[in-house]
Amino acid sequence: MRLFSQQGVSSTSLAQIAQAAGVTRGAIYWHFKNKSDLFSEIWELSESSITDLETEYRAKFPDDPLSVLREILVHVLEAIVLEERRRLMMEIIFHKCEFVGEMAIVQQAQRSLCVESYDRIEQTLNQCIQAQMLPANLLTRRTAILMRSYISGLMENWLFAPQSFDLKQEARSYVAILLEMCQLCPTLRGDPHSLPA
């Protein structure tokens with residue numbers, strides 16, 4: 001991850017990765033077919049930590065899906081600042097990866113994960129609606145797309161210019177603004193007359 005972050009994915013060879021890891025190139029090929037395979041493994045490990053976090057917060061807030069959502073979003077923003085591994089991963093994705101050649105397959109996987117992410121967010125939003133914590137006529141797909149874009153945008157902008165704003169200090173406020181939009185923005189609501197009875 002450090003090499004990808006420093007040099008970019010396309011400029012980093014598996015031989016360089018093997019040397020940095022103190023193993024032979026053959027040892028790398030024993031575990032990974034190519035760079036995209038290695039990159040995908042790193043990404044999956046990163047994603048699994050979010051799934052574990054969601055399980056933890058669901059146990060902590062059993063009847064409060066809005067708090068689960070809030071705490072996950074705050075954690076995602078703070079982790080970029082506090083956890084080197086997560087920061088490097090996001091830096092690579094946003095700024096150091098060209099999705100061409102062998103990395104094109106990673107882009108396809110990213111697209112699938114994007115759709116899955118919308119589905120997961122939408123599922124949580126529906127749970128919030130059922131718990132009467134968000135408006136009954138909230139347009140959940142539109143909100144899920146907005147939510148993911150908002151969080152991704154904050155991360156990408158901070159990674160590009162970390163000195164421009166204090167993401168760790170402001171993370172909870174940024175998430176509060178986002179959730180207030182979900183609760184109050186009329187453009188995120190459907191026509192109440194078109195809702196099923």
Side-chain angles (χ1 to χ4, degrees), residues 1-2 4-5 9 32 36-97 106-134 138 140-160 162 165-183 188:
M1 286 177 72
R2 281 195 193 97
F4 284 160
S5 176
V9 176
F32 307 102
S36 67
D37 196 28
L38 173 62
F39 190 84
S40 294
E41 180 72 20
I42 293 168
W43 179 256
E44 284 175 28
L45 286 171
S46 177
E47 283 299 296
S48 68
S49 69
I50 297 296
T51 303
D52 293 344
L53 191 69
E54 185 176 355
T55 303
E56 178 188 328
Y57 284 131
R58 286 191 185 280
K60 191 173 181 180
F61 305 106
D63 300 314
D64 188 352
L66 193 61
S67 287
V68 173
L69 181 60
R70 177 187 300 107
E71 295 308 316
I72 288 171
L73 294 175
V74 169
H75 175 84
V76 165
L77 292 177
E78 289 181 343
I80 296 294
V81 181
L82 300 173
E83 298 173 17
E84 182 189 24
R85 192 177 170 87
R86 190 120 187 108
R87 180 172 62 254
L88 289 175
M89 187 69 204
M90 293 299 109
E91 192 173 281
I92 293 162
I93 289 169
F94 290 131
H95 301 294
K96 302 290 179 88
C97 189
V106 174
Q107 188 178 40
Q108 291 170 359
Q110 292 285 333
R111 286 181 181 141
S112 296
L113 282 170
C114 186
V115 173
E116 287 174 26
S117 172
Y118 294 150
D119 293 342
R120 280 172 48 187
I121 295 168
E122 197 171 8
Q123 182 181 14
T124 303
L125 292 170
N126 280 318
Q127 291 168 357
C128 292
I129 290 168
Q130 289 167 5
Q132 299 182 339
M133 297 175 167
L134 288 175
L138 184 72
T140 55
R141 195 60 168 194
R142 182 181 293 176
T143 304
I145 292 166
L146 174 75
M147 194 169 278
R148 190 177 194 280
S149 302
Y150 179 95
I151 296 297
S152 295
L154 281 169
M155 291 190 296
E156 184 175 6
N157 283 297
W158 182 82
L159 286 165
F160 189 72
F165 63 101
D166 189 338
L167 184 57
K168 182 185 177 300
Q169 183 71 31
E170 296 291 322
R172 196 161 287 278
S173 294
Y174 290 136
V175 171
I177 292 165
L178 178 59
L179 295 179
E180 285 166 13
M181 282 195 294
C182 296
Q183 291 166 323
L188 288 176

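Predicted model only: the values in this text are computed from it and were never measured. Here, residue 1 is the first one in the sequence, and each next residue gets the next number.
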Q | Side-chain donor or acceptor of Arg142 paired with backbone N/O of Leu188 under 3.5 Å | A |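 Here the side-chain-to-backbone pair does not exist.
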Q. Between the side chain of Ser5 and the main-chain N/O of Met1, is any donor-acceptor distance below 3.5 Å?
A.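 Flag not set: sc Ser5 to bb Met1 has no pair under 3.5 Å.
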Is any side-chain heavy atom of [X] closer than 4.5 Å to a side-chain heavy atom of [Y]?
X: Leu69; Y: Val175; answer: no
X: Gln127; Y: Val68; answer: no
X: Leu125; Y: Arg120; answer: no
X: His75; Y: Glu83; answer: yes
X: Glu84; Y: Leu88; answer: yes
X: Met147; Y: Leu73; answer: yes

Q | Presence of salt bridge, Glu54 and Arg58, under 4.0 angstrom | A |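 Yes.
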Heavy-atom pair with the smallest gap, counting every atom of [X] and [Y]:
X: Ser149; Y: Ile145; result: OG-O, 2.8 Å
X: Cys182; Y: Thr143; result: SG-CG2, 3.4 Å
X: Ala144; Y: Tyr118; result: CB-O, 3.7 Å

Say you draw a straight line from [atom1] of [X] to [atom2] of [Y]; how long is it, rounded to the nearest 0.5 Å?
X: Leu167; Y: Trp158; atom1: CG; atom2: CH2; result: 6.5 Å
X: Tyr150; Y: Leu77; atom1: OH; atom2: CG; result: 8.5 Å
X: Leu154; Y: Ile80; atom1: CG; atom2: CD1; result: 10.5 Å
X: Leu178; Y: Leu146; atom1: CG; atom2: CG; result: 6.0 Å
X: Leu66; Y: Gln132; atom1: CG; atom2: CD; result: 13.0 Å
X: Ile151; Y: Met155; atom1: CD1; atom2: CE; result: 7.0 Å

Q) Among pairs that include at least one residue of residues 165-178, which meet side-chain hydrogen bond (donor to acceptor under 3.5 Å, both in side chains), considering only residues two or more places apart or in two chains? A)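 The answer is Glu71-Arg172.
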Q | Residue among Arg70, Gln130, Met133 satisfying side chain to side chain contact (heavy atoms under 4.5 Å, CB included) with Pro65 | A |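 Of all the options given, the one that passes is Met133.
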Q: Take Val81 and Arg87 through the side chain to side chain contact (heavy atoms under 4.5 Å, CB included) test and state the conclusion after the steps.
A: CA-CA 7 Å; Val81 181; Arg87 180 172 62 254; 5.7 Å; no
Q | Whether over 12 other heavy atoms sit under 6.0 Å from Phe160 CZ | A |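 Incorrect, the count does not exceed 12.
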(Q) Are more than 12 heavy atoms, taken from residues, nucleotides or ligands other than Arg2, located less than 6.0 Å from that residue's CZ atom? (A)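 Result for CZ/Arg2: open.
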Q | Listed partners of Glu56 passing salt bridge (charged side-chain N to carboxylate O under 4.0 Å, His left out), at least two apart | A |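 For Glu56 there are no salt bridge (charged side-chain N to carboxylate O under 4.0 Å, His left out) partners, ignoring immediate neighbours.
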